[in-house]
Amino acid sequence: AGAESEVYKTASGDDLLIYRLDPPNHDASTGKAPAIVLFFGGGWNGGAPTHLEPQGRYLAHRGIVVFLADYRVKSRQGTTPRECVADGKSAVRWVRKNAARFGVDPDRIAAGGGSAGGHVAAAAGMCDGLDEPGEDTTVSAKPNALVLFNPVYNNGPEGGYGYSRVEEWFPAISPAHNITKDDPPAIVFLGTKDKLIPVAHAEAFQAEQEALGVKSELYLYEDEPHGFFNLSIGAGKKEHFIDSVLKADAFLTSLGYLEGEPDPDFLNQIANGETP
């Protein structure tokens with residue numbers, strides 16, 4: 001509701017939409033605001049852009065131009081994780097290419113996602129190649145920061161998520177196997193009882209990034225399962241939604257994407273379904 005939508009890509013016979021939420025009083029003709037592209041979860045099989053709409057509405061309220069992107073999934077287009085990553089890169093590239101039109105700073109474009117959407121965001125930021133064939137790669141698809149909610153970013157054969165589905169493109173498609181010193185700064189949220197992403201993988205990811213001088217924050221939520229941050233899906237809890245978004249706010253503020261103080265009252269309104 002209230003979002004502007006555009007087709008950012010046509011692939012597999014479908015128009016892929018991206019939904020934009022502008023900050024209050026944002027003037028695209030004079031502004032140069034930061035942006036974030038958010039990708040839904042769903043195991044590369046399904047899902048919808050509304051997945052991270054609550055987080056997006058808060059971030060837009062705080063001053064970020066928010067884009068909620070659709071991408072191809074197995075249940076709708078019969079595609080593989082390879083196409084998910086290609087679409088993620090296309091979405092970030094499209095935002096950067098159109099940055100002036102949206103009043104966006106092309107050097108402050110973050111990406112975020114939950115679960116498989118976290119993989120899409122992280123792969124865009126950390127994995128070379130895997131672009132849509134024929135796309136203009138002179139425009140970078142690399143986000144400048146990552147906000148990841150229980151991301152499936154280790155896809156390796158030893159306990160990683162979905163190895164059998166990505167084996168053809170491994171290790172190129174696995175963010176945890178492509179950590180380099182030019183990675184975007186990242187914040188990660190994970191429940192300690194997540195059955196899909198081992199805590200050890202998250203801790204190793206953070207340690208390796210920090211060893212290379214990359215800003216990397218990890219927040220573990222004790223005894224919480226996969227999806228603990230979702231407002232209305234599965235095991236999500238309001239307090240974890242609020243806490244994780246406030247931590248994301250602090251992280252983005254530390255990078256210069258946000259200014260001023262967080263707005264927990266507005267966040268509580270969202271959590272209670274009372275968004276203005």
Side-chain angles (χ1 to χ4, degrees), residues 2-23 26-40 48-49 51-53 55-56 59-60 62-73 77 79 81-113 117-148 172-173 175 178 180 182-186 252 255-258:
E4 298 291 332
S5 65
E6 295 189 43
V7 176
Y8 76 90
K9 180 179 183 177
T10 299
S12 300
D14 286 338
D15 289 339
L16 300 178
L17 294 176
I18 196 164
Y19 301 84
R20 190 182 81 253
L21 297 170
D22 286 328
H26 176 64
D27 185 348
S29 66
T30 60
K32 206 170 184 182
I36 188 168
V37 188
L38 297 175
F39 300 100
F40 58 84
H51 179 200
L52 295 180
E53 180 185 353
Q55 289 85 350
L59 292 174
R62 283 282 284 127
I64 294 182
V65 180
V66 174
F67 296 86
L68 299 141
D70 194 9
Y71 60 91
R72 288 173 288 174
V73 291
Q77 288 90 11
T79 48
R82 166 70 177 79
E83 285 75 39
C84 299
V85 172
D87 291 348
K89 291 195 168 202
S90 296
V92 175
R93 180 173 285 124
W94 182 87
V95 170
R96 183 166 280 122
K97 186 176 181 178
N98 289 278
R101 181 160 66 91
F102 297 129
V104 162
D105 182 348
D107 296 320
R108 289 191 297 163
I109 298 175
H119 172 263
V120 171
M126 302 172 66
C127 299
D128 294 333
L130 306 172
D131 297 277
E132 185 69 26
E135 200 157 271
D136 179 11
T137 56
T138 62
V139 179
S140 174
K142 188 181 184 75
N144 304 104
L146 295 172
V147 180
L148 308 174
I173 201 169
N178 289 275
T180 57
D182 66 343
D183 289 344
L252 292 168
L255 298 178
Y257 284 56
L258 296 176

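Sequence positions, counted from 1, serve as the residue numbers for this chain.
Remark: the backbone N or O of Asp15 is not paired with any side-chain donor or acceptor of Thr10 at under 3.5 angstrom. Side chain of His119 to main chain of Ile173: a donor-acceptor pair is present (N/O by atom type, distance under 3.5 Å, no hydrogens or angles).
Applying the salt bridge (Lys or Arg N to Asp or Glu O under 4.0 Å) criterion to Asp183, with sequence neighbours excluded, gives no partner residue. Residues passing the salt bridge (Lys or Arg N to Asp or Glu O under 4.0 Å) test with Asp131, sequence neighbours excluded: Arg93. With sequence neighbours excluded, the residues satisfying side chain to side chain donor-acceptor pair (under 3.5 Å) with Arg72 are Ser12, Asp87, Glu132.
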_Evaluate Phe102 against Phe67 for ring-ring contact (aromatic ring centres under 6.0 Å, His included), listing each step before the verdict._
CA-CA 11 Å; Phe102 297 129; Phe67 296 86; 5.4 Å; yes

*Give the intermediate values and the outcome of salt bridge (charged side-chain N to carboxylate O under 4.0 Å, His left out) for residues Lys97 and Glu135.*
CA-CA 12 Å; Lys97 186 176 181 178; Glu135 200 157 271; over 6 Å; no

*Would Leu59 and Leu252 count as a side-chain contact (heavy atoms from CB on, under 4.5 Å) if you check the C-alpha gap in whole Å, the side-chain angles of each, and the deciding distance to 0.1 Å?*
CA-CA 10 Å; Leu59 292 174; Leu252 292 168; 4.0 Å; yes

*Yes or no on side-chain contact (heavy atoms from CB on, under 4.5 Å) for Arg96 and Asn144, after CA distance, side-chain angles and deciding distance?*
CA-CA 11 Å; Arg96 183 166 280 122; Asn144 304 104; 3.0 Å; yes

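Lys32 approaches Pro106 most closely through the heavy-atom pair CE-CD, 3.9 Å. A pairwise comparison of heavy atoms in Gly112 and Ile36 identifies N-CG1, 4.2 Å as the closest pair. Scanning both residues, Glu6 and Trp94, for their nearest heavy atoms gives OE1-CZ2, 3.5 Å. Contact between Val65 and Pro23 at its shortest, heavy atoms only, is CG2-CD, 3.7 Å. Nearest approach of Tyr257 to Pro34, heavy atoms of both residues: O-CG, 3.0 Å. In this structure, Gly103 and His26 approach most closely via the heavy-atom pair O-CE1, 3.3 Å.
Taken to the nearest 0.5 Å, the CZ atom of Phe40 stands 5.0 Å off from the CG atom of Asp70. Taking CG from Asp128 and NZ from Lys142, the interatomic distance works out to 7.0 Å, rounded to the nearest 0.5 Å. Rounded to the nearest 0.5 angstrom, Lys9 NZ and Asp14 CG are separated by 12.0 Å. The CG atom of Leu130 sits 8.5 Å away from the CG atom of Asn178 when rounded to the nearest 0.5 Å. Between atom CG of residue Leu38 and atom CD of residue Gln55 there is a gap of 7.5 Å, rounded to the nearest 0.5 Å. Ile18 CD1 to Glu4 CD: the interatomic distance, rounded to the nearest 0.5 Å, is 13.0 Å.
At least one side-chain heavy atom of Leu255 sits less than 4.5 Å from a side-chain heavy atom of Pro185.
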